[in-house]
Each structure stands twice: as structure tokens, then as C-alpha cells.
2 protein chains.
Amino acid sequence: MTQATNITPLFNNLAKIERDRNVACHACSLYSLCLPLGLNNNDLVRLDNIIERSQNHKRGHTLFTSDQPFRSLFVVRSGSFKTTISAKDGRDQVTGFYFPGEFIALDAIHQQNYQSNAKALESSSVCELPFNNLEEIGKEMPQLQIQMLTRLSKELAGDKNLMLLLGKKTADEKLATFLLSLSKRFQERGFSATDFQLSMSRGDIANHLGLAVETVSRLFSRFQEEGLILIAGKALSIKDIEKLRLMCG
Amino acid sequence: MTQATNITPLFNNLAKIERDRNVACHACSLYSLCLPLGLNNNDLVRLDNIIERSQNHKRGHTLFTSDQPFRSLFVVRSGSFKTTISAKDGRDQVTGFYFPGEFIALDAIHQQNYQSNAKALESSSVCELPFNNLEEIGKEMPQLQIQMLTRLSKELAGDKNLMLLLGKKTADEKLATFLLSLSKRFQERGFSATDFQLSMSRGDIANHLGLAVETVSRLFSRFQEEGLILIAGKALSIKDIEKLRLMCG
DNA sequence: CGCGCGTTTGACATGACTCAAATGCTGTGG
DNA sequence: CCACAGCATTTGAGTCATGTCAAACGCGCG
């Protein structure tokens, strides 16, 4: 079996941030992807002051669960997270994967409790935004409000597309769509659009796409046979991104 | 076949509103379900002034499509709508059904275009909220901003549950969950939780739940044989709501 | 009243799941 | 640093829930 080689480690540029966890928004490499975008200096300082920058979370660490009271939104600083919701009988659905600059817990605003469970997929850190404070300073920062609305709206649009994926797409189309979504997000963050590490397990991918683990595994094998990708464990290299695009349905 | 009888016509209490389309927010029967909740009188008047109350939309009328520029949010005033998104090849997914007091187009905020297509399922009317104006007055009404965030967050939470439904539930569980969701929303609007009209076609239901029309039709028949419901065309009567709840998975 | 589309029902096909087992990888403790 | 345990992944074989195709039916709209 051919090996995927020279894969760029995921977000290794962010190692610096993990070491210096108290870097302020204006100095943060995620600045342009994150909430502060469009704020003036004064407002930025006020926002900065309500943010609690978290300790490092190890792989598997639970950020929150749906039985806990909602207090804060989180923005991924480094690493990655998955969110899940559970049916009564324990079945659960991976509702999303979250990368640096992305918000977690937007579905919990103004509910008593979080609406999902969030877990770190690798060593990760977050910025915690206590919602009461955010609400408070938001009253005086229209630009921040717009940002919040935009964020929510974007996640909503993404979820509608996931509904299309889950409801109408074949297994091939699901996986192709998923890989391209990751590719795009990595590219937006300044990383390679074709070579990256999958921080989530096959099980998580399968669950998220409404497939069985075995199906995902077989698809990875077949995509590789067909020359679309190289996959070795968690290391992925996209070899024919155009063909992959045509497969998305 | 037993007939479902004495079905309460859907939203006929709202006939009055349809006749007098210019009723202001403070006089609207949807007030408590709608955006103005929590606004003081001054703010309410300002909001009132930017709202454009629509003509009556006939069944099948398209409110907007995803190739049109985004200008306004819509709140259903009477009747009901469905939204869909389309894959390149024309397959589409019904992403939601919308009833009085519910927002349409929240997924389009701060995108160039609408992200989905919206179509009336029956004779319906809407309040149109030009987003630029809403944004403008929102700067001075924290309470309105909170309302907007809450609305978006609630729709997001609902969509996450739809992902669970589409990804993990069996056909039976999907239909049971769907019927109970309608039941709950009708009840919140002051109508019967057990007897109502389905304004959408079997095809729309099937599409929304990721099933084939034939499957939905068979399920309705079986649910009726099992004494869970009575269904006659579009008239639905829930006979064993508890058992239905146990079936939701 | 009649046409057409939406719905129902039946028969059959199949994509993806489940079960099973081999293999590989990773983290841990000695 | 290595060896082992346990979990993740891959691969194969067989099954099943749901989709597809086909045809009859009937309701509702014009």
C-alpha cells in the first residue's frame, strides 16, 4: 500500500499560542477568523477583558455536556472538538467538528442548559466567553452583535447543508463532501488544502455522516484505489480535488 | 376505513388577521410568539414602522429562492411555508416547515443571497423585515438583539435534532418525531395538540425526513392500524400520543 | 364533471448495515 | 525502551430496512 508522506502537522503554527495562553485578541493569529473582526481598539480591549483563556484540554476531555447549565460560549483556540447530541436510548449523533476560530455552543444561547456535548479530539485550548458579560458589552457594540448574528447564521446555513447531505446523498457523496469541507476550512486557516491530519476517528466521521464505520473504512480504501486520495491512518492527502468536487452531488 | 372527524381547521383563528393585514405588532395575536416580545412601547413602534406586511401568498407561491439577493427576513403571519435547498443535480432537501410566528431566512443573514428557497404550503401571509433597517434599529435596542440571537439559537438547536433524526433514527422513529414536533408547535399556538391538518404533502414530509414517499404512506397506514393515529388525507388525529412519544427513539 | 396529480399498495432490488474475524496502532506500565 | 493490552481499523460474508418500479385508486381543482 502506498503511504501518504510529508503530511503537514495540523495547526503546528499554533504551538506558540498554546505555550502563551494569555495572548490578547489583537495579538492572536486567529484575529481575522474570529469574533473581534471589525471592532475598534477600545471595544477590542473590553472584549478582551471578559474572555477567559482556558488551560490546555487533553484528547477526550469534555468541555461541557447537555446536562450542565449554559454559561459560556467557547471559541476554539487550538486543536479541535466534536459536539454530539444523544437520543434517549444512548444513540448519539456527531453534530459538528470545530476548528480554531469557530464557536461552540451557539445552540445553547438563552436555554437553561447546553444542548449538546463537546469533547476535545486532540490537545486543544479554547477562549471562554461568559455569555452574560458578552450580552452586557454587546449592548454598546453593534459591530459585536452583527458578528454574533453572522456567526449563528453561518452555522445555521452549514447545518442546512448537512441536512441535505444526511437526507439525500449517497455514501460516496457524503464522504467526498466531508473531505472537501475539511479541506476548505484548513485552507481558510492558512494550511494546505490537500494535505492534513484527520483529528477525528473513523467512528466519528461515520457517525457524523450517518454511515457505519465499516462503510467509511471501505470508502477510504476505494477512494485510494481510484487515485482520489492517499490515506494512511489519520494522514490524508487529496490527490484529485477536482474529481472529488464532481462527486459531491 | 375509519374517518378522522371534526378536525379543527388550521389557524382559522387567524382569518381576522388575513382580512386586516395592517394590524400593528401590539394588536397582533402572535405578539407573544414573535419578535417584539420584551420590547417597550417606544421600541415596539419603531419596529412596527420598518415591517412591511405582505399581500396574501397563494399555495405554491415562492417567497424567495437561493439565487436572489438577501434583503429581508420574514415572519410567518398566517398559513405555512417550507424551505428547501438544492444539490447541483436538482435533488433537493426540505430543510424546514414554518408556522405563524416563526422566522424564515435566518440562514441568509450577511450572505449575498438567500441560502434556500421558500414556498407557501397554503394561503399564507408574512411580515417582511428589511434586514438593513432591522440592523439599524437593533443598535439601539439590546432587547431586540437578544431576541434575534435567541431565535437563531433555537433554530440551530432544532436543526441539530434534525441531524440526529436524519442520521440515526429509523423510519418509524422519524415519523413519530415529526408528528410530535407538529403537535407541540400547534399547541404552543393555541390549537389542538392532537387534531390538525397537515398543510404539506406526503412528498414534502418524506423528503424532509429522508424517506421515500411510499415509505411515509405505508407508515401512516400502519400507525393507523396500530391505533396510534387516524389519518384521512391531510386531516390528522393523534389517538395515542404517549405511545407515539415512546416511539421517538 | 372529468382530468391530473397526489396517494396508496404490491412486488422486487439494493445500498448500506450487521456480524465476524484478522490486523494494526497507540498509549501505558514495567 | 520495549512489550503488552486494548481499542481502532480494515476486510469479508450475508442480511435487511428502505428504496425503486409499477399500477390502481381517488381526491381536489379547474
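What you are looking at is a predicted structure, and each value in this text was computed from that prediction instead of being measured. Naming convention: chains lettered A, B, ... in sequence-line order (proteins, then strands); numbering from 1 in each chain.
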Query raised in the report: Is the count of non-hydrogen atoms from other residues, nucleotides or ligands lying under 6.0 Å from B/Lys169 atom NZ greater than 12?
Result: yes

Requested in this report: Measure from CZ on A/Phe220 to C1' on D/dT10 and round the result to the nearest Å.
Outcome: 12 Å

Requested in this report: Starting at atom CD of B/Gln224, determine the distance to atom C1' of C/dT8, rounded to an integer number of angstrom.
Outcome: 12 Å

Query raised in the report: For B/Lys119, does the NZ atom sit with more than 12 other heavy atoms under 6.0 Å from it, leaving out its own atoms?
Result: no

**Report entry** Charged N-O contact under 4.0 Å between A/Glu173 and B/Arg91
**Finding:** yes

Report task. Send over the distance from B/Ile231 CD1 to D/dC27 C1', rounded to a whole Å. Result -> 14 Å

Report summary line: In whole angstroms, the gap separating P of C/dT7 from CG of B/Leu219 amounts to 15 Å

Query raised in the report: To the nearest Å, how far apart are B/Glu173 CD and D/dA17 P?
Result: 13 Å

Query raised in the report: Do A/Glu102 and A/Arg77 meet the salt-bridge criterion of a basic N to acidic O distance under 4.0 Å?
Result: no

Query - Over 12 non-hydrogen atoms of neighbours within 6.0 angstrom of NZ in A/Lys154 - result: no

Query raised in the report: Between B/Lys174 (NZ) and D/dG19 (P), how many Å, whole number?
Result: 7 Å

Query raised in the report: Counting N and O atoms only, with roles assigned by atom type, does the side chain of A/Ser153 sit under 3.5 Å from a partner on the main chain of A/Arg151, one being a donor and the other an acceptor?
Result: no

**Report entry** Donor-acceptor pair, side chain of A/Arg53 and main chain of A/Val23, under 3.5 angstrom
**Finding:** yes

Query raised in the report: For A/Ser201, which contact category applies under a 4.0 Å heavy-atom criterion: base, sugar-phosphate, or nothing?
Result: sugar-phosphate

Anything under 3.5 Å between a protein N or O and an N or O of nucleotides 23-27 of chain C, put it in a table, one pair a line.
none

Query raised in the report: Which letters describe nucleotides 13-21 of chain C, given B = protein heavy atom under 4.0 Å from base, S = only from sugar-phosphate, - = neither?
Result: ---SSBB--

Query raised in the report: When the ring planes of B/Phe64 and B/Phe74 are compared, do they come out parallel, tilted or perpendicular, using 30° and 60° as the limits?
Result: parallel

Query - Whole angstrom value for the distance that separates C1' of D/dA17 from CG of B/Leu175 - result: 16 Å

Query raised in the report: Around atom NZ of A/Lys243, are there more than 12 heavy atoms of other residues, nucleotides or ligands at under 6.0 Å?
Result: no

Report summary line: Taken to the nearest whole Å, CZ/A/Phe223 to P/D/dT11 is 15 Å

